Amino acid sequence: MNNNEESKQAILQTLLCIPEGKVCTYGQIATLAGQTGKARYVGFILKNSPNNAALPWHRVINAKGKSAFPDHSQKQQIQFTKLNEEGIEIVNNSISLKKYLWTGN
DNA sequence: GATATGACATGTT
DNA sequence: CAACATGCCATAT
């Protein structure tokens, strides 16, 4: 059974599994959650979730290794700061997927 | 049910 | 490497 409700839960689950010091792309999350192709849905869920929610939204970036938020935006600042605090280095406004991408367990 | 929107991804120029 | 086009998927109107 894969109704929207379960898909949502599966994605939230996967989000909570992203380890500290690692990042993950929207598409990768969808795939790991068994919801291949629903990358956009992942973004939708995060957007609808309160920023205060206990979700590691800051560990989620797009396939280009960049923040999904516009450059210089407040959100991006916060995101980068949080990532830095976890030991993730951000170079030229982008993150090295090669080093920090989480591909599951 | 048709059209528009978005915290995406990928292939082509 | 960057801009553009196309495909995808769940919601909103």
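Every chain is numbered from 1, with letters handed out A, B, ... down the list of sequences. These numbers come from a predicted model, not from an experiment. Hydrogens, waters and symmetry mates play no part in the numbers below; they use all other heavy atoms, side chains included.
The CZ-P distance, from A/Phe44 to C/dC9, rounds to 16 Å in whole Å. Between the P atom of C/dC9 and the CG atom of A/Asn48 lies a distance of 19 Å, rounded to the nearest Å. A/Glu6 has its CD atom 14 Å from the P atom of C/dA10, to the nearest Å. Here the C1' atom of nucleotide B/dA7 and the CD atom of A/Gln79 are 9 Å apart, to the nearest Å. Between the CD1 atom of A/Ile29 and the P atom of C/dC9 there is a distance of 18 Å, rounded to whole Å. When the C1' atom of B/dA7 is taken as reference, atom CD of A/Gln77 falls 17 Å away, rounded to whole Å. Whole-Å rounding puts the A/Ile11 CD1 to C/dA10 P distance at 9 Å. Per the geometry, CD belonging to A/Gln74 stands 17 Å off P belonging to B/dA7, to the nearest Å.
Considering all non-hydrogen atoms of both residues, A/Ser7 and A/Lys38 come closest at OG-NZ, 3.3 Å.
Note: A/Ile61 CD1 to A/Ser67 OG = 8.5 Å, rounded to the nearest 0.5 Å. Here A/Ile29 contributes atom CD1 and A/Ile18 contributes atom CD1; the two are 4.0 Å apart, rounded to the nearest 0.5 Å. With rounding to the nearest 0.5 Å, the separation of CD in A/Gln76 from NZ in A/Lys66 is 8.0 Å.
In summary, of the residues considered (A/Asn62, A/Val60, A/Leu101, A/Thr103), a side chain to side chain contact (heavy atoms under 4.5 Å, CB included) with A/Thr25 occurs for A/Leu101 alone.
Using a 4.0 Å cut-off between a side-chain N of Lys or Arg and a carboxylate O of Asp or Glu, A/Glu86 and A/Lys22 do not qualify as a salt bridge.
Comparing the C1' positions of B/dG6 and C/dG7 gives an interatomic distance of 15 Å, to the nearest angstrom.
Taking only side-chain nitrogens and oxygens, A/Lys47 never comes nearer than 4.0 Å to OP1 or OP2 of B/dG6.
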Legend entry - Base-contact (B) and sugar-phosphate-only (S) positions in nucleotides 8-13 of chain B, heavy-atom cut-off under 4.0 Å, - elsewhere: BSS---
